[in-house]
Amino acid sequence: MAKILVTGGLGFIGSHTVVELVNAGYEPIIIDDLSNSNIGILNQIAKIIGYKPTFYQFDLCNDADLQQFILKEDNINGIIHFAASKAVGESVNNPLKYYKNNLYSLINLLEGYKGKEVSFVFSSSCTVYGQPDELPVTENAPVKPAQSPYGNTKQIAEEILKDAVSAGSAQKVISLRYFNPVGAHPTALIGELPIGTPQNLIPYITQSAIGKRGKITVFGNDYNTKDGSCVRDYIHVVDLAKAHVAALNLLGSGFKGYDVFNIGTGHGSTVIEIITTFESVTGIKLNYEIGPRRVGDVEQVWGDVTKSAIKLKWKTELSIENMMLSAWEWEKYIANNPI
Ligand code: WQD
């Protein structure tokens, strides 16, 4: 059974990907430093897959710990690299933390597996596009100057990976540019666990709906969109997790070199549409107001996912309604089962 290292494997996308790896017959090995995740998720994953996956707790920036891991787990077939800091706002206030953590951990991993025949899947982001000139945005669109140090680390990381492949120190690498990951596993046993006040829209909505937060603020309704609120391409986290399995399958089928894929639905939804969809599928009236625009927000972005459909043989299957309902079921689960 092919062993896949999942860095950040106890995080939101990482945990769902661990489950889909097992469903696809892979053996996940998790590294997580628990700086932005919860050890309880390991038990939750076990409830879904029937066993507790191999887990190591250490920081990938720690050279000695990583070397020790590489010696111990000496037959890794692939790596899915999620581990990174990901709060856009925090990155503006603490850029050095982001450049060090997000880039040094990647460089350490690439150094550690230099010259080895391992597949490498990198967690990138639609953030690299900024506000695209044309929509839907394709993978050939120009990468715009990053709007935050976080977004810059994703852009720089993609360049590092391309150069590593060109130099032959990495053989086969795919970057997946995620759009907006939302929702939760259908068992409601794993989902998004924001620490503190959620920065992202959907966890804020579910926490407001369950009474943990007050009024939702819609950050601006004066944009040039159908109802004035921003447009995003929201993708179910389970569909996103399956895209990583598709990428591994492609990397394991004779692929050589570097490539990048948009991972989204190919459709955009406004903030107001998300709110009304949540209300319609849950029957809950949300308490929201229109507030000022949020600095750094792009007006509208959604992906062209043709290349993923053709080359990855992957496309999304789950609806916006399912995203909202699964996020709500998860919120209710953790209200009664603190992790
Ligand atoms: C979505 C929309 C807000 C909260 C994030 C990450 C990005 C990438 C994708 C990983 C925006 C609006 C939000 C609220 C609101 N992830 N909003 N009220 O900013 O599109 O991107 O996910 O790579 O790095 O930052 O997601 O959920 O914060 O915002 O009106 O309380 O919801 O203005 O239009 P974003 P988000």
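Counting starts at 1 for both ligands and their atoms, in listed order.
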Colleague: Just wondering, more than 12 heavy atoms not from Gln131 lying within 6.0 Å of its CD?
Modeller: yes

Colleague: Report yes or no: does Glu20 contribute a side-chain atom to a donor-acceptor pair with the main-chain N or O of His244 at less than 3.5 Å?
Modeller: no

Colleague: Check each atom of ligand 1 against the heavy atoms of Asn200 and keep those under 4.0 Å away; list them by number with element.
Modeller: 5 (C), 26 (O), 27 (O), 28 (O), 36 (P)

Colleague: Which protein non-hydrogen atom lies closest to atom 14 (C) of ligand 1, naming both residue and atom, and how far is it?
Modeller: Phe219 CE1, 3.3 Å

Colleague: Does even one non-hydrogen atom of Tyr234 get within less than 4.0 Å of ligand 1?
Modeller: yes

Colleague: Going by heavy-atom distance to atom 20 (O) of ligand 1, choose the closest among Arg232, Lys215, Glu299.
Modeller: Arg232

Colleague: What protein heavy atom lies closest to atom 35 (P) of ligand 1? Include the residue and the distance to one decimal.
Modeller: Asn180 ND2, 3.5 Å

Colleague: Among the heavy atoms of Lys86, does any lie under 4.0 Å from an atom of ligand 1?
Modeller: no

Colleague: Mind checking the CG-CD1 spacing from Leu318 to Ile235? Nearest 0.5 Å is all I need.
Modeller: 9.0 Å

Colleague: Val218: which other cluster members, linking ILVMFWY side chains closer than 4.5 Å, directly or transitively?
Modeller: Val182, Leu201, Ile202, Tyr204, Ile205, Ile210, Ile216, Tyr234, Val271, Ile272, Ile274, Ile275, Phe278, Val281, Ile284, Leu286, Tyr288, Ile290, Ile320, Met323, Met324, Leu325, Trp328

Colleague: With the threshold set at under 4.0 angstrom, would you say Ile216 reaches ligand 1 through any of its heavy atoms?
Modeller: no

Colleague: Would you kindly confirm whether Tyr104 and Tyr99 end up in one hydrophobic cluster when ILVMFWY residues are joined by side chain heavy atoms under 4.5 Å apart?
Modeller: no

